[in-house]
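Notes follow the structure.
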Amino acid sequence: MTATTITPTTFRQKMTDVLGLIRFSHTVFALPFALLAAMLAWREVPFQSRQLLGILLCMVFARAAAMAFNRLVDRDYDARNPRTAQRHIPAGKLSPLFVTLFTLGCVAAFVASTLLFLPNPWPLRLSIPVMLFLLGYSYAKRWTAFCHYWLSAALMLSPIATWIAITGQISWIPVSLAAVIFFWVGGFDILYATQDVDFDKSQKLNSLPAKFGVVGSLRIALISHLITIICLFVFWKLSGLGPLFLVAVICVSLLLAYEHWLVRPGDLTRVNTAFFNVNAVISLGLLVAAALDLWFFSAGSVHG
């Protein structure tokens with residue numbers, strides 16, 4: 001039996017594989033909304049650096065656990081799908097045992113990170129139910145075509161959980177932001193799923209493209225994004241943000257229209273561009289606009 005030597009090169013490769021497994025770069029879809037909710041919540045209560053650290057750690061570990069678990073649960077399907085056959089487990093880059101241990105470690109780290117919000121007990125109390133809901137998404141395609149909205153419901157928890165963690169309460173501000181995320185993520189996940197419509201049908205997996213076809217699912221995604229725009233204006237009104245954020249809302253509306261121009265029934269080749277590039281601009285753009293708006297127009301109402 002030969003011992004495996006850990007070198008700086010192999011360690012770096014392992015870390016690269018882990019970050020690739022959990023698609024760490026896709027953290028830009030959810031983290032900006034948690035930070036946006038936090039900035040607004042800190043208008044209600046004084047800022048605490050410990051809370052900021054807690055938000056960052058909880059978001060990273062929760063997402064890492066959910067992504068790793070998804071790759072673990074779907075590894076057999078990934079191996080059969082030409083688009084996903086080179087993912088880390090089917091390609092042999094990471095073993096199922098390693099990914100299982102990594103998932104358990106991230107779950108434990110997520111729960112531990114909620115201790116940073118004490119004496120507010122709600123983050124710790126809700127940590128296990130929230131984690132179970134996040135992990136449950138991985139099984140959604142087995143039984144419902146609306147699995148895309150389970151994913152969006154998981155991501156929409158970020159502003160609500162952040163608000164509760166900071167204030168110990170709930171309000172319509174994070175709820176309206178959660179509605180934005182719900183319809184936005186649900187819509188773009190439908191667009192992303194059009195790539196696998198034939199595979200999903202062959203494997204008897206559920207998705208809206210498999211159920212209604214590409215044309216029908218693109219219409220559902222369009223309706224979802226129209227509702228997103230309405231929710232964005234509602235959030236802008238409820239949050240008390242000013243003209244800079246309003247400009248950002250208008251720009252996001254145009255970007256969503258551009259996203260649907262990119263992805264058409266006869267041309268799905270630009271799905272990845274719409275999925276990552278456009279959506280990254282939307283989430284980060286809204287965060288930056290809100291920060292600038294608060295800085296220039298609402299500085300007097302922010303607790304230091």
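Both backbone and side-chain heavy atoms feed into the values below; hydrogens, waters and symmetry mates do not. Here the structure is a predicted model, which means the values were calculated and not measured.
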- prompt: Is the distance between the ring centroids of Phe235 and Phe245 under 6.0 Å?
  reply: yes

- prompt: Which atom names give the shortest non-hydrogen contact between Ile89 and Pro96, and what distance separates them?
  reply: CG2-CG, 4.1 Å

task: Output yes when a side-chain donor or acceptor of His148 lies under 3.5 Å from a complementary backbone atom of Phe188, and no otherwise.
output: no

- request: Please write out which residues are connected to Leu97 in a hydrophobic cluster, directly or through intermediates, given that two of Ile, Leu, Val, Met, Phe, Trp, Tyr count as joined at side-chain heavy-atom separations below 4.5 angstrom.
  value: Leu101

- prompt: Are Trp261 and Leu226 co-members of a hydrophobic cluster defined by side-chain heavy atoms under 4.5 Å apart?
  reply: no

- request: Return the minimal non-hydrogen interatomic distance between Asp293 and Leu244, and the atom names on each side.
  value: OD2-N, 3.1 Å

Smallest separation among heavy atoms of Ser239 and Arg43, with atom names: O-NH2, 2.7 Å

message: Side chains of Phe182 and Cys231, heavy atoms from C-beta outward: is any pair under 4.5 Å?
response: no

- prompt: Does any non-hydrogen side-chain atom of Leu56 lie less than 4.5 Å from one of Leu35?
  reply: yes

Intermediate values then yes/no, side chain to side chain contact (heavy atoms under 4.5 Å, CB included), Val175 and Trp163: CA-CA 10 Å; Val175 170; Trp163 194 277; over 6 Å; no

- line: Checking Asp189, Asn279, Thr228 against Trp184 for side-chain hydrogen bond (donor to acceptor under 3.5 Å, both in side chains), the one that qualifies is Asn279

- prompt: How long is the gap from NZ on Lys201 to OG on Ser207, to the nearest 0.5 Å?
  reply: 8.5 Å

- prompt: Do Arg142 and Val73 pass the side chain to side chain contact (heavy atoms under 4.5 Å, CB included) test, and can you show the C-alpha distance, the side-chain angles, and the key distance before you say yes or no?
  reply: CA-CA 11 Å; Arg142 272 73 164 174; Val73 168; 3.2 Å; yes

Do any side-chain atoms of residues 103-110 form donor-acceptor pairs under 3.5 angstrom with protein atoms, and if so which ones, sequence neighbours left out?
| from | atom 1 | to | atom 2 | distance (Å) |
| --- | --- | --- | --- | --- |
| Thr103 | OG1 | Val99 | O | 2.8 |

- request: List, by chain and number, the other hydrophobic cluster members for Tyr77, where Ile, Leu, Val, Met, Phe, Trp and Tyr join if side-chain heavy atoms come within less than 4.5 Å, directly or indirectly.
  value: Phe199, Leu205

task: Can you label the angle between the Phe102 ring and the Phe98 ring as parallel, tilted or perpendicular, going by 30° and 60°?
output: parallel

Donor-acceptor pair between Gln51 and Trp42 side chains, under 3.5 angstrom: yes

task: Kindly say whether Ala140 contributes a backbone atom to a donor-acceptor pair with the side chain of Thr144 at under 3.5 angstrom?
output: no

field: Heavy-atom closest contact (Ser113 atom, Phe61 atom, distance)
entry: OG-CD1, 3.7 Å

- request: May I ask you to decide if Leu72's main-chain N or O and Arg75's side chain share a donor-acceptor pair within less than 3.5 Å?
  value: yes

- request: Check whether any side-chain heavy atom of Met67 sits under 4.5 Å from a side-chain heavy atom of Arg63, and report yes or no.
  value: yes

task: Tell me whether Leu256 is reachable from Leu222 by hopping between hydrophobic residues (I, L, V, M, F, W, Y) whose side-chain heavy atoms are closer than 4.5 Å.
output: no

field: Heavy-atom closest contact (Phe117 atom, Gly54 atom, distance)
entry: CZ-C, 3.5 Å

Sidechain-backbone polar pair: Glu44 side chain, Ala41 backbone, donor-acceptor under 3.5 Å: no

task: Indicate yes or no for a side-chain donor-acceptor contact from Arg50 to the backbone of Leu116 under 3.5 Å, with no hydrogens or angles considered.
output: yes

Can you give the donor-acceptor pairs under 3.5 Å from side chains of residues 209-221 to other protein atoms, not counting sequence neighbours?
| from | atom 1 | to | atom 2 | distance (Å) |
| --- | --- | --- | --- | --- |
| Ser217 | OG | Gly213 | O | 2.9 |
| Ser217 | OG | Val214 | O | 3.0 |

statement: Residues at least two apart in sequence or cross-chain that pass side-chain hydrogen bond (donor to acceptor under 3.5 Å, both in side chains) with Gln203, listed by chain then number, are Arg80

task: Could you give me the CA-CA distance, side-chain angles and deciding distance for Leu246 and Phe233, then say whether side chain to side chain contact (heavy atoms under 4.5 Å, CB included) is met?
output: CA-CA 8 Å; Leu246 177 59; Phe233 280 98; 3.7 Å; yes

message: Using side-chain heavy atoms (C-beta onward) and a distance below 4.5 Å, is Asn206 in contact with Asp200?
response: no

- prompt: Would a distance-only check, ignoring hydrogens and angles, find a side-chain to backbone donor-acceptor pair under 3.5 Å from Ser152 to Tyr149?
  reply: yes

task: Check whether any side-chain heavy atom of Ser176 lies under 4.5 Å from a side-chain heavy atom of Trp236, and answer yes or no.
output: no

- prompt: Taking atom CG of Leu157 and atom CG of Leu134, what is their separation to the nearest 0.5 Å?
  reply: 6.5 Å

- request: Rounded to the nearest 0.5 Å, what's the gap from CG on Leu177 to CG on Leu36? Could you check?
  value: 6.0 Å

message: Is any side-chain heavy atom of Leu40 closer than 4.5 Å to one of Leu241?
response: yes

query: Which atoms form the tightest heavy-atom contact between His260 and His225, and what is the distance?
result: NE2-ND1, 2.7 Å

- request: Answer yes or no: is there a side-chain heavy-atom contact under 4.5 Å between Asp74 and Ser138?
  value: no

task: Would you kindly confirm whether Val247 and Leu294 end up in one hydrophobic cluster when ILVMFWY residues are joined by side chain heavy atoms under 4.5 Å apart?
output: no

query: What's the spacing between Thr194 OG1 and Ile190 CD1 if we round to 0.5 Å?
result: 10.0 Å

message: Using the rule that Ile, Leu, Val, Met, Phe, Trp and Tyr join whenever any side-chain heavy atoms are under 4.5 Å apart, tell me whether Leu286 and Leu254 fall into a single cluster.
response: no

message: Taking the six-membered ring for Trp, are Trp150 and Phe133 closer than 6.0 Å centroid to centroid?
response: yes

message: Just verifying a value: how many Å separate Ile55 CD1 and Thr162 OG1, rounded to the nearest 0.5 Å?
response: 5.0 Å

message: Are the side chains of Asp78 and Arg71 in contact, using a 4.5 Å heavy-atom criterion?
response: yes

- request: Working to the nearest 0.5 Å, report the span between CD of Gln169 and CG of Asn120.
  value: 10.0 Å

query: What residues, two or more places apart in sequence or in another chain, satisfy side-chain hydrogen bond (donor to acceptor under 3.5 Å, both in side chains) together with Asn81?
result: Asp196

